[in-house]
Amino acid sequence: MVESGDKIDALLHETRRFEPPADFQARATISDAAIYDEADADPEAFWARMAGELSWFKPWDQVLDWQPPFAKWFIGGKLNVSYNCLDRHLEKKRNKAAIVWEGEPGDWKVYTYGDLHREVCQFANGLKSLGVQKGDRVAIYMPMIPELPIAMLACARIGAAHSVVFGGFSAESLRDRINDCQAKAVITADGGYRRGNSFPLKATVDEAVAETPSIEAVVTVRRTGTADDLMTEGRDHWYHDLIKDQPLTCEPEWMDSEDMLFLLYTSGTTGKPKGVVHTTGGYLTGAYTTTKFVFDLKEEDVYWCTADIGWVTGHSYLVYGPLSNGATSVMYEGTPDYPDWDRFWAIIEKYRCTICYTAPTAIRAFMRQGEEHPRKHDLTSLRLLGTVGEPINPEAWMWYWEHIGGGRCPVVDTWWQTETGSILITPLPGVTTLKPGSATRPFPGISAEVVDEKGKPVGRGEGGLLVITKPWPSMLRTIYGDPERYKEQYWSRFPNIYFTGDGARTDEEGYFWLLGRVDDVINVAAHRISTMEVESALVDHPAVAEAAAIGKNHEIKGQAVAAFVTVRKEIDPTDALAAELKQHVTKKIGAIARPDEIFFTAELPKTRSGKIMRRLLRDIAEGRAVGDTTTLADPNVIQKLKDQYAETEE
Ligand code: WTA
């Protein structure tokens, strides 16, 4: 065990491992580890080979220009992302399903590549008729309906950068994001469906655009029929009216490889949201390549990424990655528990999905509800599973493997960030021996390392800070309008090295184990303990569904571990159970990580993308006023927790 305060102690030891199943490997796109050597030997040549699989109007002159911390990729190359996602597939796949969409009420719709191309072109022409031009920014604030990817692709076609704002954000959040990038138009819907009810969007847009001088036009899709009397003459347009008489084709703009494709705001832990900027050629190369290899895409796959397009996962792995590969991408509007907790499994059965990519937070929620839900459905079409968004606890991984994958499907645990644009650490399912809880290895062409506070690599088996030491094509280029913040946030800690903000360790074989955000690390008597490992040890106990560990100030130890725990359905949260859980953590990872305090709760505070907000739990445990809660999915959870916590402390 490490004594120094620099490193993060690695306590969890997971020994289960899973080889790629023989039949999977036999058909895998990548079944040979040689690709790692090829990419390592010359990363630029590897990325250039992959970029060459896209369609370029004009080839690039230079692969990379690296003036740290600013990178340019495929310099001088011209291409269009919507052309790559649509036009180039038309000859062979005009009638192949591009998007299979299911609404929450159970309505559904399939867009072939031909359909999608036509509607994107018509909407692109519609946007042009409203004065939207190459170089403009367009805000998109929509439910998960097909017009959302159509809007993104239409923007890409005419060279306007989109900024998708998750439909759960408030009017103020939308307003601030519009003003930050000076968007010219907003694309929205009257509303969407969520958990059996409709929720309004157009009304929220109206509130936001009252304070956004840059907005000239609002386009609204009719979904719930709730905005018919909210249309402002001159500014507002119905989507269906706008596209009705537009020409069926629209010439794609020739975009420079380094032109902005989109910006996406991410909140980070503190401060004002940052507009992460992604450009055209490099981003698409990253999204295309990782989708092809990590998800082992085959012509006949029915691929479902369950993420909302309001997050980067939806951008890269529901829209741009699968469509640039000519794949069939499934899209679902609603929540996993409507009308019941088997909705995801019903969707997989209905469309015969072969690949499913979801988040650990969803998997833990499913575990809590019990196996009877997946058992009701035929999931034998599945052949590959994936996770993203948080470290996955080995128990959740095993549950997913067994109850969803039937012990047949490799599980790819993919690590990446809004800033990285595409997956950076991940198994390749036909090559990598899996270890539950490990994202395994850097993707070919990616150089990741675990270092100490001074930037020195820590040894194998030790924990530290995760950094990326070489530029990669889909990396963010800057923070919109704030290059200083870009430098400060990602490049100031170590010279010319990208700091991820995450803790990680490597094991004896060089596998990466993600340990969560460095800001969340608990410091007990000079031992730096990752929240993730304590949480995994707790979730390993059969009574526990989900856990959040935090450090609470302690006179002697500096910090003590406190854990907020949600138990599985039909389990009684008793004092005896709390004592047993403390014991369980001691047994799994050692006495140093034993929680001083276990607090049972029905729900944990999470961001809208499902990440636990430990910062708020620390505020509660230490009796402070609770900090900024604007990114919280359900603000009521915090008040309830605070009241309950205060009661037990009395
Ligand atoms: C966390 C989501 C462990 C990590 C794509 C990262 C993960 C942050 C994993 C980015 C994973 C994402 N294992 N941690 N497989 N995937 N994370 O920007 O802390 O919403 O820095 O992008 O999520 O979150 P973001």
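When a ligand or atom number is given, it counts from 1 through the structure's own listing order. For clarity, every value in this text was computed on a predicted model and none was experimentally measured. Values below: all heavy atoms of this structure, side chains included; hydrogens, waters and symmetry mates excluded.
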Enquirer: For E172, give me all partners under side-chain contact (heavy atoms from CB on, under 4.5 Å), at least two apart in sequence or on another chain.
Expert: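 Scan of E172 (side-chain contact (heavy atoms from CB on, under 4.5 Å), adjacent residues dropped) gives S170, R175, E207.
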
Enquirer: Under the salt bridge (charged side-chain N to carboxylate O under 4.0 Å, His left out) rule, collect the residues that match up with R608, sequence neighbours excluded.
Expert: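 None.
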
Enquirer: May I ask you to check whether over 12 heavy atoms, not counting those of R493, lie within 6.0 Å of atom CZ?
Expert: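 Enclosed: over 12 neighbouring heavy atoms sit under 6.0 Å from CZ of R493.
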
Enquirer: Strictly under 6.0 Å, is that where the ring centroids of F366 and Y400 end up?
Expert: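 No, they do not, as the ring centres are separated by 6.0 Å or more.
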
Enquirer: What does the 4.0 Å heavy-atom contact list look like for ligand 1?
Expert: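 Contacts of ligand 1 under 4.0 Å: V312, T313, V388, G389, E390, P391, D413, T414, W415, W416, Q417, T418, D502, L514, R517, K611.
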
Enquirer: Centres of the F295 and W304 rings: under 6.0 Å?
Expert: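 No, too far apart.
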
Enquirer: According to salt bridge (charged side-chain N to carboxylate O under 4.0 Å, His left out), who are the partners of D308, at least two apart in sequence or on a separate chain?
Expert: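 Listed in chain order: nothing, the list is empty.
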
